[in-house]
Amino acid sequence: MAELKLRLHQGKTEKTVTVNQDVFTIGRLPECDLTLPYEGVSRYHARLLKTATDNWMIKDMGSKNGTLLNERQITSPQLVKNGDVIWFGDVSIVVILAAPSRRTNTVPPVEQIPAEATILRSVKELQQQWIQAKDKGDELSVKETTIARLKDLVEIAKGLSGAESIEAIFSRVKDVVFRYLESIERIALLVDVTGSRELELLNAASRNVNQQQSLAESSHWISRSICQKVFTEKVAIQTADAQADQRFEGEVSILYKGIRSAIAVPLWDENKVVGVLYADAHHSSTHWTQEGEEDLSFFSTLANLVASSVQRWLLTQKLTSEEMIRQRLERYHSPAVVQQLIAYKTLPDGRLPVAESEISILFADIVGFTALSERLSPVQIAQLLNSLFEEMLQELFAFNGTLDKYIGDCIMAFFGAPESQPDHADRALATAKGMLNRLDKLNGDGVLLEPLQLRIAVNSGKAVVGDVGSSQRVEYTALGATINLAARMEAICQPGECVISEDTYALLTHKQGLKLMDEYRFKGIDRPVQVYQTQR
């Protein structure tokens, strides 16, 4: 039976932990089996569980930031395999499932390559070094190669200036890499798309065309340890044989993915690293023991050209994404809230996360809508509702409220999320009064097709708020008993009035103009509720 080990990487901290129990808890607290005292890790973050068939599963324990398995957030227990990478905030853990003899069996005998075959250089040292090619015994050949490389780089620079997609950028890069670095089998472009310091595979290629699709779909084949070192420490790395080099001993991603030779350089944009250009092969490269510096310098210079194009692409993506987010959010939130949501980047994967919040919920319903629908045509009803909703949302957004949905002739809105609002009860009541006063004016001015009246109910308490739905359709909504009670209270409200619950009443800063109606029992609510009515 294979034993389970966890290879931890956080910043410059690295260690290996052996799991010797069937249930293994990971979190920030000292009571956990593996303590991760880092930002972004919850107190009890996740748990590893051994199954009856001696497999292992990872389960998130309701952590604040979630648990990622191979860069995908898990919502239910997931089976882990050898080489999988689990993320807890900024902490990554590589899963090692292997018998003690696994390493000796998977590394075939190879020629001994000295440790010096691994080159680690500051990128700045390499930016122009390839142009100054040294005489290796065939000066003419070296100069010809250098000139050819220079011409290719000039052409690439021209092409990249007009490339608008990652595919177009990568296509120009891979061709020249495969032409000049003959020992390379695979190449990948990894970029920090979200600015969260996490590299995402955007494109990959192989000399073997049959492997193209699988390489681009998953980053499992890439040495994350090498790429992360290049990205965080801003260095270029080249190794002729990583598995024979003692300095890579313990790097499980290199060992178990069969990586021999590899080269990786950061993508610089001025003083910022936006990604990594990575290439590797399953065989050792003795060529690099003599000429590695030149290839590394060339690869690094190529990456510098690519970086500006990638940064331009990232900026375009950001602007497009923000505009889409803004258009979507403006349907639900006031402009001030929309700006804050975009500024603080609270939209992972384009969704507002589900979280428990203290809110005040408001229901505003048209009195006698059924009878109204009998008298008016469907087109007239639609026109009437559009006119009313347009006016009522002015009041809602004036107090930074959030529109949940329209339920036929009813407006459902809440306060206190996604932006925390300690005075959410005051805002809800002020909105209700504003709606009633505005409707009185609309009726008096004859703006609407017919005079209307509203019933409004407000309740306060805890609710689950966030994006809920499928991959095809998502709705930002509030759920829970607090919402149910507000919907029930609307039935006892008099036309043209607003009723509030005792919970909302207790939170109000000013209670003038409110009178206790009575104590009521509502269907589905297991306690009596005191209800107050506004006096206008």
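The model shown is predicted, which means the values in this text are computed figures rather than measured ones. Excluded from the calculations below are hydrogen atoms, water molecules and symmetry mates; all remaining heavy atoms, backbone and side chain alike, are included.
Side-chain atoms of N437 come within 3.5 Å of backbone atoms of K433 as a donor-acceptor pair (strictly under, hydrogens ignored). Of the possible donor and acceptor atoms, one in the side chain of R224 sits under 3.5 Å from a partner among the backbone N and O of L199. Proximity of a side-chain donor or acceptor of D445 to a complementary backbone N or O of V447 within less than 3.5 Å is not detected. A donor-acceptor pair under 3.5 Å is formed between the side chain of T232 and the backbone N or O of Q228. Side-chain atoms of H45 never come within 3.5 Å of backbone atoms of G89 as a donor-acceptor pair (strictly under, hydrogens ignored). With hydrogens and angles disregarded, no donor-acceptor distance shorter than 3.5 Å links the side chain of S92 to the backbone of W87. Side chain of D192 to backbone of S196: a donor-acceptor contact under 3.5 angstrom is found. A donor-acceptor contact shorter than 3.5 Å is absent between the side chain of N386 and the backbone of Q383. In this structure a side-chain-to-backbone donor-acceptor pair under 3.5 Å is missing from N70 to D84. No donor-acceptor pair under 3.5 Å is formed between the side chain of K234 and the backbone N or O of F231.
Rounding to the nearest 0.5 angstrom, the gap separating the CD1 atom in I525 from the CG atom in L485 is 5.0 Å. With rounding to the nearest 0.5 angstrom, the NE2 atom of H424 is 11.5 Å from the CD1 atom of I361. Here I74 contributes atom CD1 and T67 contributes atom OG1; the two are 5.0 Å apart, rounded to the nearest 0.5 Å.
With sequence neighbours excluded, the residues forming a ring pair (Phe, Tyr, Trp, His ring centres under 6.0 Å) with F389 are Y406, listed by chain and number. Scanning for ring pair (Phe, Tyr, Trp, His ring centres under 6.0 Å) contacts around F24 gives an empty result, with sequence neighbours left out.
Summarising the geometry of L429 relative to T534, their closest heavy-atom pair is CD1-CG2, 3.7 Å, with the distance given to 0.1 Å. The two residues K50 and W56 have their closest heavy-atom pair at CE-CZ2, 3.3 Å. The two residues M57 and L79 make their nearest non-hydrogen contact at CE-N, 3.8 Å. Residues R455 and C493 come closest through the heavy atom pair NE-O, 2.8 Å. When every heavy atom of N82 is checked against every heavy atom of I96, the shortest pair comes out as OD1-CA, 3.5 Å.
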### Task
Quick one: do M489 and F522 satisfy side-chain contact (heavy atoms from CB on, under 4.5 Å)? Show the steps, please.
CA-CA 8 Å; M489 287 170 51; F522 299 96; 3.8 Å; yes
### Message
Could you walk me through whether R375 and E450 satisfy the salt bridge (charged side-chain N to carboxylate O under 4.0 Å, His left out) test, starting with their C-alpha distance in whole Å, then the side-chain angles of each, then the deciding distance to 0.1 Å, before giving a yes or no?
### Response
CA-CA 11 Å; R375 296 197 308 272; E450 283 202 15; 2.6 Å; yes
### Task
I would like to know whether V468 and E475 meet side-chain contact (heavy atoms from CB on, under 4.5 Å); could you show each step before the answer?
CA-CA 5 Å; V468 177; E475 184 177 65; 5.8 Å; no
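The shortest side-chain heavy-atom distance between V531 and D518 does not fall under the 4.5 Å cut-off. By the 4.5 Å heavy-atom criterion applied to side chains, L452 and L439 are counted as neighbours. With contacts defined as side-chain heavy-atom distances shorter than 4.5 Å, the pair D409/L385 qualifies. V94 is not listed as a side-chain neighbour of L6, based on a closest heavy-atom distance of 4.5 Å or more. You'll find the side chain of Y505 reaches within 4.5 Å of the side chain of K511, heavy atoms only. At least one side-chain heavy atom of L36 sits under 4.5 Å from a side-chain heavy atom of L34. The shortest distance between side-chain heavy atoms of F415 and T431 falls below 4.5 Å.
Q78 and S76 are linked by a side-chain donor-acceptor pair at a separation below 3.5 angstrom, with hydrogens and angles left out of the test. Counted by atom type alone, D503 and S460 present zero donor-acceptor pairs between their side chains at under 3.5 Å. A donor-acceptor pair shorter than 3.5 Å cannot be found between the side chains of S63 and S42. Using modelled atom types and a 3.5 Å distance limit, the side chains of K405 and T477 yield a donor-acceptor pair. When only modelled atom types and interatomic distance are considered, Q21 and D33 share a side-chain donor-acceptor pair under 3.5 Å.
The pair R527-E502 meets the salt-bridge criterion, with a side-chain N (NZ, NE, NH1 or NH2) lying under 4.0 Å from an Asp/Glu carboxylate O.
Cation-pi geometry between K515 and Y532 is not met at under 6.0 angstrom from the ring centre and within 45 degrees of the axis.
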List the atom pairs, with distances to 0.1 Å, where a side-chain N or O of residues 390-397 and a protein N or O form a donor-acceptor pair under 3.5 Å, not counting sequence neighbours.
from : atom 1 : to   : atom 2 : distance (Å)
E391 : OE1    : R438 : NH1    : 2.8
E395 : OE2    : R438 : NE     : 2.9
E395 : OE2    : R438 : NH2    : 3.2

